J.: 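Once you've had a glance at the structure underneath, I'll fire off some questions.
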Amino acid sequence: MGYGQFSPIAKTMEVLDETWTVLIIREMVAGSHHFNEIRHGLPRMSTALLSKRLRSLERTGIVVRRAEGSRTAYDLTPGGRALEPVIQSLGEWGVQWRSELGDDDLDPHLLLWDIHRNIDVAALPEGRVVLAFTFTDVEPRTRTWWIVVSADGDVDVCDVDPGHPATVRMSSTLRTMVDVWRGQLSWSQALRSERLHLSGAAAARHSLPRWLMLSPFAALVDHRQERASSSPPTPGPDASPR
């Protein structure tokens, strides 16, 4: 459905304002190229709707489909890649102006998917590394998750015990780990307050914050707080100008 306006903003929004469309582009900007990869980043989106939105993005020249052996891959076109700074700006705006989260915004599947693609594989010790996450306030069916990094550097998310001993185990509420991931709560703060508990060899526990890189927007949280703390106080009603 069009807006019936010649404004370039209106024409752009005719493509982007359908539900989930911008988040599909976000997933592709983050490196997802296959249907299941995109779906993992959008766990509450139906597969039928994802297929429909991908077809729509193909028609509008944002996404191109290509064969990759027996699989189908999706790539951003030059026009799609040109949206990357738009996606970045939306994230930056969200950090500054929409930082509050409701309980419905918390999703262990999405959290683990985001964390798994930001592992600093080069910082890991040699051999297989298994990270176990237990969210104490989540229903038993989705309470425990694993990230497995193979000796070759392949990173997988598991919601079923992979059968390998955990290098480090983490236990916290889901919100605590989301806050750590988003940069709103530091590792040291989470541990000192006992909102996060770690078990495993001391060297592994000490190295964990280096292994798990935070959200790409986490650094902006500190900058936002710095700006707020350095802003001059608002003059009171009795203050006189100088």
Side-chain angles (χ1 to χ4, degrees), residues 26-27 29-32 37 40-41 43 88 91-92 94-96 98-101 105-138 142-159 161-162 164-229:
R26 177 202 69 189
E27 287 303 303
V29 166
S32 295
E37 291 174 340
H40 278 304
Q88 177 71 20
E92 292 172 359
V95 169
Q96 183 171 4
R98 298 287 292 176
S99 60
E100 295 301 319
L101 298 179
D105 298 320
L106 307 179
D107 187 327
H109 185 157
L110 177 57
L111 174 62
L112 267 293
W113 184 252
D114 277 347
I115 290 175
H116 108 283
R117 60 186 174 192
N118 285 274
I119 299 286
D120 187 355
V121 175
L124 298 176
E126 293 184 359
R128 181 191 298 116
V129 172
V130 180
L131 307 175
F133 299 75
T134 298
F135 302 117
T136 56
D137 56 339
V138 173
T142 56
R143 179 170 296 167
T144 305
W145 296 74
W146 294 261
I147 290 179
V148 181
V149 186
S150 72
D152 296 330
D154 293 328
V155 185
D156 291 314
V157 177
C158 303
D159 58 359
D161 191 337
H164 306 297
T167 310
V168 179
R169 290 186 176 274
M170 288 156 272
S171 176
S172 70
T173 64
L174 177 56
R175 183 177 290 274
T176 293
M177 188 54 67
V178 168
D179 285 346
V180 171
W181 161 250
R182 283 163 50 96
Q184 295 176 307
L185 180 69
S186 71
W187 286 98
S188 59
Q189 289 171 332
L191 291 167
R192 282 199 307 268
S193 64
E194 298 188 346
R195 294 169 61 182
L196 172 65
H197 298 272
L198 304 181
S199 61
R205 288 186 280 113
H206 179 75
S207 299
L208 184 65
R210 295 203 309 273
W211 299 348
L212 302 188
M213 295 188 293
L214 302 182
S215 161
F217 298 105
L220 299 176
V221 174
D222 292 336
H223 295 160
R224 182 193 63 195
Q225 292 170 343
E226 289 169 5
R227 287 196 301 271
S229 62

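In this text, all values refer to a predicted model and were calculated from it rather than measured experimentally.
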J.: Taking ring pair (Phe, Tyr, Trp, His ring centres under 6.0 Å) as the test, write out the residues that go with Trp113, two or more places apart.
T.: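 For Trp113, the residues satisfying ring pair (Phe, Tyr, Trp, His ring centres under 6.0 Å) (neighbours in sequence not counted) are His40, His116.
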J.: Could you pull out all residues at least two apart from Ser188 that satisfy side chain to side chain donor-acceptor pair (under 3.5 Å)?
T.: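 Expected list: Ser186.
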J.: How close do Pro108 and Thr142 get, heavy atom to heavy atom, and via which atoms?
T.: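 Result for this residue pair: CG-O, 4.1 Å.
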J.: Keeping to residues at least two apart or across chains, list the side chain to side chain donor-acceptor pair (under 3.5 Å) pairs with something in residues 148-158.
T.: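 Passing the test, one end in residues 148-158: no pairs.
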J.: With salt bridge (charged side-chain N to carboxylate O under 4.0 Å, His left out) as the rule and sequence neighbours excluded, what pairs involving residues 109-132 come up?
T.: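 As it turns out, the salt bridge (charged side-chain N to carboxylate O under 4.0 Å, His left out) pairs with a partner in residues 109-132, which skip direct neighbours, are Glu27-Arg117, Asp114-Arg117.
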J.: Can you name the salt bridge (Lys or Arg N to Asp or Glu O under 4.0 Å) partners of Arg143, sequence neighbours left out?
T.: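 Partners of Arg143 under the salt bridge (Lys or Arg N to Asp or Glu O under 4.0 Å) test: none.
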J.: Without placing hydrogens or testing angles, list every side-chain donor-acceptor pair under 3.5 Å for residues 201-209, not counting sequence neighbours.
T.:
residue	atom	partner	partner atom	Å
Arg205	NE	Gly200	O	2.8
Ser207	OG	Ala203	O	2.9
Ser207	OG	Arg210	NH2	3.4

J.: Give the minimum heavy-atom separation between Leu196 and Leu191, together with the two atoms involved.
T.: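 Nearest heavy atoms, Leu196 then Leu191: O-CD2, 3.4 Å.
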J.: For Thr173, which residues count as a side chain to side chain donor-acceptor pair (under 3.5 Å) partner, sequence neighbours excluded?
T.: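 Scan of Thr173 (side chain to side chain donor-acceptor pair (under 3.5 Å), adjacent residues dropped) gives Thr176.
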J.: Under the salt bridge (charged side-chain N to carboxylate O under 4.0 Å, His left out) rule, what pairs show up with a residue in residues 177-202, not counting sequence neighbours?
T.: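 Salt bridge (charged side-chain N to carboxylate O under 4.0 Å, His left out) check on residues 177-202 returns Asp179-Arg195.
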J.: Go through the structure and list residues passing salt bridge (Lys or Arg N to Asp or Glu O under 4.0 Å) with Arg26, not counting sequence neighbours.
T.: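 With sequence neighbours excluded, Arg26 shows a salt bridge (Lys or Arg N to Asp or Glu O under 4.0 Å) to no residue whatsoever.
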J.: Go through the structure and list residues passing salt bridge (Lys or Arg N to Asp or Glu O under 4.0 Å) with Asp137, not counting sequence neighbours.
T.: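 Once residues adjacent in sequence are excluded, Asp137 has no partner under the salt bridge (Lys or Arg N to Asp or Glu O under 4.0 Å) criterion.
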J.: Just to verify, what does Asp159 make a side chain to side chain donor-acceptor pair (under 3.5 Å) with, not counting sequence neighbours?
T.: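 For Asp159 there are no side chain to side chain donor-acceptor pair (under 3.5 Å) partners, ignoring immediate neighbours.
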J.: Can you name the residues that form a side chain to side chain contact (heavy atoms under 4.5 Å, CB included) with Asp161, not counting sequence neighbours?
T.: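 Only Trp146 meet the side chain to side chain contact (heavy atoms under 4.5 Å, CB included) criterion with Asp161.
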